[in-house]
Amino acid sequence: MLKGNILPLSDSAIEHLRSASAFSSSEKAQFRLKAIEFSKKYGIQAAVDAFDVSRATIYRWKKMLKQSNGKLNSLIPKSRRPKRVRKMMIGHEIVSFIRSIREEH
């Protein structure tokens with residue numbers, strides 16, 4: 001296994017990292033770029049072994065990078081929070097009433 005012996009980034013990858021100021025703040029995005037560059041140089045299976053991610057994940061990261069025309073910001077993880085979050089529909093009076101009853105008992 002190659003987990004302990006990860007080779008350094010290629011010159012083009014380092015140049016991409018330095019040119020993107022927002023990108024450099026995300027360690028996860030840097031990790032993803034390293035995995036993509038490693039897979040290009042040594043193959044998918046070597047990257048799977050070295051970075052401990054699935055083949056599908058590496059292919060998904062490559063696809064995200066390709067769809068954004070190489071913009072490195074695409075590798076920054078997106079929010080996983082639901083777009084629509086339910087709001088509580090119970091009034092203040094009911095909540096305070098329940099709270100007072102619970103404190104009594």
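Along the sequence shown, residues carry numbers from 1. Predicted, not measured: the structure shown is a model, and the values here were computed from it.
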Residue list, side chain to side chain contact (heavy atoms under 4.5 Å, CB included) with R81, at least two apart or on another chain = S79, V85
Atom pairs and distances, donor-acceptor, side-chain atoms in residues 89-97, under 3.5 Å, two or more places apart:
from: S96; atom 1: OG; to: H92; atom 2: O; distance (Å): 3.2
from: S96; atom 1: OG; to: E93; atom 2: O; distance (Å): 2.9

Which residue pairs pass the side chain to side chain donor-acceptor pair (under 3.5 Å) test with at least one member in residues 54-64, sequence neighbours excluded?
-> S54-T57, T57-R60
Are any non-hydrogen side-chain atoms of Q45 and S39 less than 4.5 angstrom apart?
-> no
Is K78 atom NZ crowded by more than 12 heavy atoms from other residues, nucleotides or ligands, each under 6.0 Å away?
-> yes
Is any side-chain heavy atom of L75 closer than 4.5 Å to a side-chain heavy atom of M64?
-> yes
Between the CZ atom in R32 and the CG atom in L72, the distance rounded to the nearest 0.5 Å is 13.0 Å
Please list, chain by chain and in numerical order, all residues satisfying side chain to side chain contact (heavy atoms under 4.5 Å, CB included) with K66, sequence neighbours excluded.
-> none
When rounded to the nearest 0.5 angstrom, what distance separates CD1 in I36 from CD1 in I44?
-> 9.0 Å
Evaluate the side-chain proximity of F31 to V53: yes if any heavy-atom separation is below 4.5 Å, no if none is.
-> yes
How many angstroms lie between atom CG of N73 and atom CG of L65, to the nearest 0.5 angstrom?
-> 10.5 Å
Nearest heavy-atom approach of F38 to A50 is CE2-CB, 3.9 Å
